[in-house]
Amino acid sequence: LGVMGWRMVYHMQIELCQAYMDNWWSGMLGHFMITPITTLEFIFGNLLIGLTKVFIVSGMYFLLAKILFGYTFNNWNLILLGSCVLLLFSIFIGMITLGICLIYQDNAFAVSYLLPDLIVLFSGVYYPITIFPTVIQKIMIFFPTYYGFEILKAAVGQGSVNLLFAVGTLALWAIFSICFFLYCKGYAKKKGLFAKLN
């Protein structure tokens with residue numbers, strides 16, 4: 001469940017940055033920018049690709065758990081709830097990394113690989129966050145991934161469910177990510193960064 005949740009966060013957010021950067025690297029960004037595809041359609045289309053990958057990867061993990069270990073998951077409600085928390089957060093973190101890529105292009109693409117992995121690691125995917133320094137523990141309670149992984153752990157009797165904090169942190173990240181992305185897009189337009197193709 002930990003690896004599955006990790007891949008959820010990774011695949012959903014990386015699709016947004018990867019699609020944009022592919023256009024940048026191929027020198028097609030100018031052509032892409034004049035298409036009738038809106039930003040919302042671009043984000044939605046790439047999230048569908050990410051979701052497809054998530055379903056395939058999750059299906060493989062559940063199948064391997066059954067075949068290799070003979071393990072049967074019983075508490076599907078908590079698995080689905082924890083997965084939804086992680087998927088929603090991955091969209092928000094994807095919008096943040098996409099915003100960074102709009103401004104810094106090649107120099108920022110590594111962030112889209114590094115950021116979700118660090119967040120997941122510090123969210124207690126395999127170990128409780130109590131093993132980390134106190135400052136990291138206090139920071140991570142503001143990340144929905146902490147609550148998402150706790151819900152997944154609760155599905156196998158290892159964690160706790162705090163739905164109020166999960167929803168509250170998701171709402172805060174939703175507001176921040178949308179505002180951050182719109183700011184980055186506006187800044188990139190103002191500075192003419194979309195026109196400066198490599």
*Asks:* How about Y20 and Q105: do any of their side-chain heavy atoms sit closer than 4.5 Å?
*Replies:* yes
*Asks:* Within a strict 4.5 Å, meaning less than it, do heavy atoms of the V9 and I119 side chains meet?
*Replies:* no
*Asks:* Shared ILVMFWY cluster between L40 and M95, side chains joined below 4.5 angstrom?
*Replies:* no
*Asks:* Backbone N or O of T39 within a donor-acceptor pair of the K185 side chain at under 3.5 Å?
*Replies:* no
*Asks:* Classify the angle between the aromatic ring planes of F143 and W173 as parallel (below 30°), tilted (30 to 60°) or perpendicular (above 60°).
*Replies:* tilted
*Asks:* According to a 4.5 Å side-chain heavy-atom criterion applied to Ile, Leu, Val, Met, Phe, Trp and Tyr, with indirect links allowed, do V54 and M60 form part of one hydrophobic cluster?
*Replies:* no
*Asks:* Between atom CG of L51 and atom CD1 of I91, what is the distance when rounded to the nearest 0.5 Å?
*Replies:* 8.0 Å
*Asks:* Hey, which of L163, L81, L86, N162 is the one that makes side-chain contact (heavy atoms from CB on, under 4.5 Å) with Y147?
*Replies:* N162
*Asks:* Indicate yes or no: at least one non-hydrogen side-chain atom of K66 is less than 4.5 angstrom from one of T72.
*Replies:* yes
*Asks:* Check side-chain hydrogen bond (donor to acceptor under 3.5 Å, both in side chains) between W6 and all other residues, then give those that pass, not counting sequence neighbours.
*Replies:* D117
*Asks:* Keeping E150 on the side-chain end and G159 on the backbone end, is there a donor-acceptor pair under 3.5 Å?
*Replies:* no
*Asks:* Would you give the length of the straight line joining atom CD of Q18 to atom CD of Q13, rounded to the nearest 0.5 angstrom?
*Replies:* 10.5 Å
*Asks:* Roughly how far, to the nearest 0.5 Å, is the CG atom of L68 from the CG atom of L63?
*Replies:* 8.5 Å
*Asks:* Please report the interatomic distance OG1(T97) to OH(Y113), rounded to the nearest 0.5 Å.
*Replies:* 11.0 Å
*Asks:* Is the shortest side-chain heavy-atom distance between V57 and Y10 below 4.5 Å?
*Replies:* no
*Asks:* Around atom CZ of F55, are there more than 12 heavy atoms of other residues, nucleotides or ligands at under 6.0 Å?
*Replies:* no
*Asks:* Go through the steps for F181 and L16 under the test side-chain contact (heavy atoms from CB on, under 4.5 Å), then give the verdict.
*Replies:* CA-CA 12 Å; F181 174 75; L16 295 176; over 6 Å; no
*Asks:* Specify the closest pair of heavy atoms between A166 and V85, including all atoms of both residues, with the distance to one decimal.
*Replies:* CB-CG2, 4.3 Å
*Asks:* Of the non-hydrogen atoms in S58 and M8, which two are nearest, and what is the gap between them?
*Replies:* OG-CE, 3.8 Å
*Asks:* Would you say the side-chain atoms of Q137 pair up with the backbone N or O of T130, donor to acceptor, closer than 3.5 Å?
*Replies:* yes
*Asks:* Which heavy-atom pair separates I14 from S112 by the least distance, and what is that distance?
*Replies:* CD1-OG, 3.4 Å
*Asks:* Can you check whether L48 reaches F44 side chain to side chain, under 4.5 Å on heavy atoms?
*Replies:* yes
*Asks:* Can you get from Y104 to L114 by hopping between Ile, Leu, Val, Met, Phe, Trp and Tyr side chains that sit under 4.5 Å apart?
*Replies:* yes
*Asks:* Start with the C-alpha gap between F89 and L170, add the side-chain angles, then the distance that decides, and say whether side-chain contact (heavy atoms from CB on, under 4.5 Å) holds.
*Replies:* CA-CA 6 Å; F89 177 72; L170 279 172; 4.0 Å; yes
*Asks:* What closest approach, in Å, do F122 and I129 show between heavy atoms, and which atom pair accounts for it?
*Replies:* O-CG2, 3.4 Å
*Asks:* Which ILVMFWY residues are connected to I175, directly or by a chain of links, through side-chain heavy atoms under 4.5 Å apart?
*Replies:* none
*Asks:* Would a single hydrophobic cluster contain both F62 and I56, if residues Ile, Leu, Val, Met, Phe, Trp and Tyr are joined by side-chain heavy-atom contacts under 4.5 Å?
*Replies:* no
*Asks:* I want to check something: taking the side chain as every heavy atom from C-beta on, are V3 and Y126 in contact at a cut-off of under 4.5 Å?
*Replies:* yes
*Asks:* Looking only at non-hydrogen atoms, find the nearest pair between S90 and M12 and report the distance.
*Replies:* OG-CB, 2.9 Å
*Asks:* Please examine the side chains of I79 and N75, heavy atoms only from C-beta on, and report whether any two atoms are closer than 4.5 Å.
*Replies:* no
*Asks:* Rounded to the nearest 0.5 Å, how far apart are CG of L88 and OG1 of T145?
*Replies:* 12.5 Å
*Asks:* Of all heavy-atom pairs between I151 and G82, which one has the smallest distance, and what is that distance?
*Replies:* CG2-N, 3.5 Å
*Asks:* Carefully, step by step, assess Y146 and F165 under the rule side-chain contact (heavy atoms from CB on, under 4.5 Å).
*Replies:* CA-CA 10 Å; Y146 167 68; F165 276 82; over 6 Å; no
*Asks:* Tell me, with the steps shown, if R7 and Y61 meet side-chain contact (heavy atoms from CB on, under 4.5 Å).
*Replies:* CA-CA 10 Å; R7 301 317 292 173; Y61 285 136; 3.7 Å; yes
*Asks:* Verify the neighbour count for atom CZ of F73: are there more than 12 heavy atoms of other residues, nucleotides or ligands below 6.0 Å?
*Replies:* yes
*Asks:* Atom CG in L47, atom OG1 in T52: separation rounded to 0.5 Å?
*Replies:* 10.5 Å
*Asks:* Is there a path of hydrophobic side-chain contacts, each under 4.5 Å between heavy atoms of I, L, V, M, F, W or Y residues, that connects V161 with W76?
*Replies:* yes
